[in-house]
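Atom set for the values below is all heavy atoms of this structure, side chains included, hydrogens, waters and symmetry mates excluded.
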Amino acid sequence: MAGPLSSLKVLDFSTLLPGPFASMVLADLGADVVRVESPTRGDPVQVLPPQAGKVSAAHTTINRSKRSIAVDLKNEQGKEVIKKLINDFDIVLEQFRPGVMDRLGVGYEELSKINPKIIYCSITGYGQTGPYKDRAGHDINYLAMAGVASYTGRKGEGPTPFSLQVADIAGGSFHAVMGILAAVIHRQQTGEGQHIDVSMTDAAFSMHALTAPGFLYQGGNYEPDYESTLLNGGHYYDYYPTKDGRYISVGSLEPQFFAQFIQGAGIGDIVGNGNMDEQKEKIKEVFRSKTFAEWNEIFIKMDACVEPVLKLSEVCEHPHMKAREMLTEVPNNDGGTFTQIASAFKFSESKPSYRFAGVPAGTHTNEVLSEMGFSEENIEQLRTNKTIK
């Protein structure tokens, strides 16, 4: 069954994580995604350890189901190749600093003259405007600039690095997908394409959904700090170490769940006795009295919003994740398959699909150009002068 986005064609110029993760989501949902890669400068993700054949394991996942062409955009003939392709595509996704695509001759203004219906999405760290627009950065910098890191951490220790790239994926990738699909609906209604400016810093800033409203309402008089809010360790909502050095998560906010938590942990005499810091220290002592397995045995029987902090190996084997089919087998280039994390979308009428694992740059150059009307002679000439690979 065709995916819900099977009518869309995406030309993806992005590298690293935010753009490729966004186009992976679109490809999983059926879009025909063609990556435009450099013949000389490889995507750094392709060599990220460990390797899975000619590319990295990470590359095989975030670039699955995408065909790849290698075109030199600094070559005049390379620009002409893109301009010929653009009429057959709905969406362009790019992740260069502002102005780079314009200088290469394939920016929004240029391509929209050829295809006025094109939806052109640019993902950057700080956006297309503003004094920081040309500044380099990574996920950790965007979270810092957006204020997220200012109260994510421990008192006396400071900010804690996230294990996931929150600004890159939640900020860049998912906001790009949402913006693209909104623009598709706009185009259906008006026939107009448009340029989408996604700033990962803007997106991270917009996610202060429960803290910023109070801060702004009070005229900025309340500044959230480490372990000072209901949801950052300033309440019982926290991770607690066990006797054997593992951790248990406690999210028992509502009264009915909190009552279960108190009962399961046996801490009725501790709660309400002393200030919050003192109470939490006593709760830590209680959790250190039993092993990870012992606490799991207690709370698995209760509806308390208390769950174990699982290792990745344990998540993959967990019966709930298996029931949700969150691992899938994706065909590789050797006739076998790679086990990969599946799409989180569950549709009643159409399922995400995984056609093949991510491939080396230029794997589909001949195929895609042939579909666009390039003759064998044209393709060979472009390869001879190193316009394509």
Side-chain angles (χ1 to χ4, degrees), residues 10-28 32-82 85 89 91-101 103-107 121-125 136-140 165 168-169 172-173 176 200 330-334 336 338 340-341 354-369 379-380 382-389:
V10 182
L11 206 56
D12 178 11
F13 292 86
S14 66
T15 59
L16 296 171
L17 179 60
F21 196 99
S23 58
M24 179 195 73
V25 172
L26 298 173
D28 286 350
D32 179 9
V33 178
V34 174
R35 292 195 80 201
V36 181
E37 302 189 69
S38 168
T40 55
R41 290 181 57 190
D43 184 344
V45 171
Q46 289 203 29
V47 295
L48 188 71
Q51 291 294 109
K54 295 181 180 180
V55 292
S56 71
H59 176 87
T60 68
T61 296
I62 64 173
N63 289 298
R64 65 188 175 209
S65 301
K66 306 174 195 176
R67 294 188 289 173
S68 171
I69 62 175
V71 181
D72 184 359
L73 297 179
K74 295 181 179 180
N75 181 307
E76 285 301 321
Q77 285 188 299
K79 297 173 188 178
E80 292 306 313
V81 168
I82 299 304
L85 292 180
F89 283 80
I91 296 154
V92 166
L93 179 62
E94 63 95 5
Q95 195 182 301
F96 293 104
R97 294 197 207 189
V100 171
M101 290 290 275
R103 290 194 292 274
L104 290 172
V106 289
C121 182
S122 300
I123 303 174
T124 58
H138 281 295
D139 183 87
I140 194 170
Q165 288 68 50
D168 283 356
I169 296 178
S173 307
M200 289 179 272
V330 178
N332 62 26
N333 296 315
D334 300 321
F338 290 133
Q340 297 182 354
I341 295 177
Y354 317 100
R355 285 162 278 178
F356 50 85
V359 297
T363 297
H364 301 100
T365 300
N366 282 30
E367 176 181 302
V368 172
L369 295 190
I379 294 172
E380 187 55 37
L382 289 169
R383 184 165 282 113
T384 299
N385 66 22
K386 298 183 179 180
T387 299
I388 63 172
K389 175 183 175 183

Q: Flag the pair R64 / D28 as yes when at least one side-chain heavy-atom distance between them is below 4.5 Å, and no otherwise.
A: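 When only atoms from C-beta onward are counted, D28 and R64 do touch, with a gap below 4.5 Å.
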Q: Counting only N and O atoms by type, is there a donor-acceptor contact under 3.5 Å from the side chain of T365 to the main-chain atoms of K389?
A: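 Checking the backbone N and O of K389 against the side chain of T365, a donor-acceptor pair under 3.5 Å is found.
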Q: Measure the spacing between CZ of F13 and CD1 of I82 and express it to the nearest 0.5 Å.
A: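 With rounding to 0.5 Å, CZ (F13) is 4.0 Å from CD1 (I82).
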Q: Under the 3.5 angstrom rule, does the side chain of D12 hit a backbone N or O of V34 as a donor-acceptor pair?
A: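 Between the backbone of V34 and the side chain of D12 there is no qualifying donor-acceptor contact (under 3.5 Å).
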Q: For residues P39 and T387, report the shortest heavy-atom separation together with the two atoms involved.
A: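 Nearest pair, atom of P39 first, then T387: CG-O, 4.2 Å.
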Q: Between V92 and V106, is any pair of side-chain heavy atoms under 4.5 Å apart?
A: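 SC-SC contact between V92 and V106 ruled out.
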Q: When rounded to the nearest 0.5 angstrom, what is the spacing between CG in N366 and CD1 in I388?
A: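 Interatomic distance, N366 CG to I388 CD1, rounded to 0.5 Å: 6.0 Å.
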Q: Ignoring hydrogens and geometry, is there a side-chain-to-backbone donor-acceptor pair from Q340 to A357 under 3.5 Å?
A: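 No, Q340 side chain to A357 backbone: no donor-acceptor pair under 3.5 Å.
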Q: For the side chain of S14 and the backbone of E94, is there at least one donor-acceptor N/O pair under 3.5 Å apart?
A: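 No, the answer is negative, given that no donor and acceptor are paired below the 3.5 Å cut-off.
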Q: Tell me if the CG atom of L104 is crowded by more than 12 foreign heavy atoms within 6.0 Å.
A: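 Correct, the count exceeds 12.
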Q: Taking S173 for its side chain and D168 for its backbone only, find out whether a donor-acceptor pair lies under 3.5 Å.
A: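 Side chain of S173 to backbone of D168, a donor-acceptor pair under 3.5 Å: yes, one is there.
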Q: Taking the side chain as everything from C-beta on, heavy atoms only, tell me whether N75 gets closer than 4.5 Å to K386.
A: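 SC-SC contact between N75 and K386 ruled out.
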Q: Rounded to the nearest 0.5 Å, how far apart are NE2 of H59 and NZ of K54?
A: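 Interatomic distance, H59 NE2 to K54 NZ, rounded to 0.5 Å: 12.0 Å.
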Q: Let me confirm one number: the NZ-CZ distance from K74 to R103, rounded to the nearest 0.5 Å.
A: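 Result: 10.5 Å between the selected atoms.
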Q: T15 versus V45: any side-chain heavy-atom pair under 4.5 Å?
A: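 T15 does not reach V45 side chain to side chain.
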Q: Given 3.5 Å as the limit, does a donor-acceptor pair link the side chain of H364 with the main chain of S68, or not?
A: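 Checking the backbone N and O of S68 against the side chain of H364, a donor-acceptor pair under 3.5 Å is found.
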Q: Heavy atoms, side chains only, cut-off 4.5 Å: are D43 and R35 in contact?
A: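 Touching, per the 4.5 Å side-chain cut-off.
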Q: Considering residues, nucleotides and ligands other than L48, do more than 12 of their heavy atoms fall under 6.0 Å from its CG?
A: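 Yes, because the 6.0 Å sphere around CG of L48 holds more than 12 heavy atoms from other groups.
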Q: Which heavy atom of P98 sits nearest to which heavy atom of T124, and what is that distance?
A: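 Heavy atoms of P98 and T124 come nearest at CD-CG2, 4.0 Å.
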Q: Identify the two heavy atoms, one from Y354 and one from V330, that lie closest to each other, and give their separation to 0.1 Å.
A: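 What the structure gives for the nearest pair is CB-CG2, 3.7 Å.
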Q: Taking the side chain as everything from C-beta on, heavy atoms only, tell me whether K66 gets closer than 4.5 Å to P20.
A: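 Yes, close enough: below the 4.5 Å cut-off.
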Q: Indicate the atoms forming the closest heavy-atom contact of N332 with F338, along with that distance.
A: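 Shortest heavy-atom separation between N332 and F338 comes out as CB-CE1, 3.4 Å.
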Q: Testing the basics here: between T363 and P360, what is the closest heavy-atom pair and its distance to 0.1 Å?
A: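 Shortest heavy-atom separation between T363 and P360 comes out as OG1-O, 2.6 Å.
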Q: Below 4.5 Å, heavy atoms only, C-beta onward: do I341 and T61 meet side chain to side chain?
A: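 No; the side chains remain at least 4.5 Å from each other.
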Q: At what distance, to the nearest 0.5 angstrom, does CD1 of I169 lie from CE of M24?
A: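 Here the interatomic distance stands at 8.0 Å.
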Q: Atom OG of S56 and atom CD1 of I62: how far apart are they, to the nearest 0.5 Å?
A: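 That separation rounds to 7.5 Å.
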Q: Do the side chain of T60 and the main chain of G358 share a donor and acceptor less than 3.5 angstrom apart?
A: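 Here the side-chain-to-backbone pair does not exist.
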Q: Of I140, L17, L16, which is the lone residue that meets side-chain contact (heavy atoms from CB on, under 4.5 Å) with Q165?
A: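 Going through the options one by one, the only one that passes is L17.
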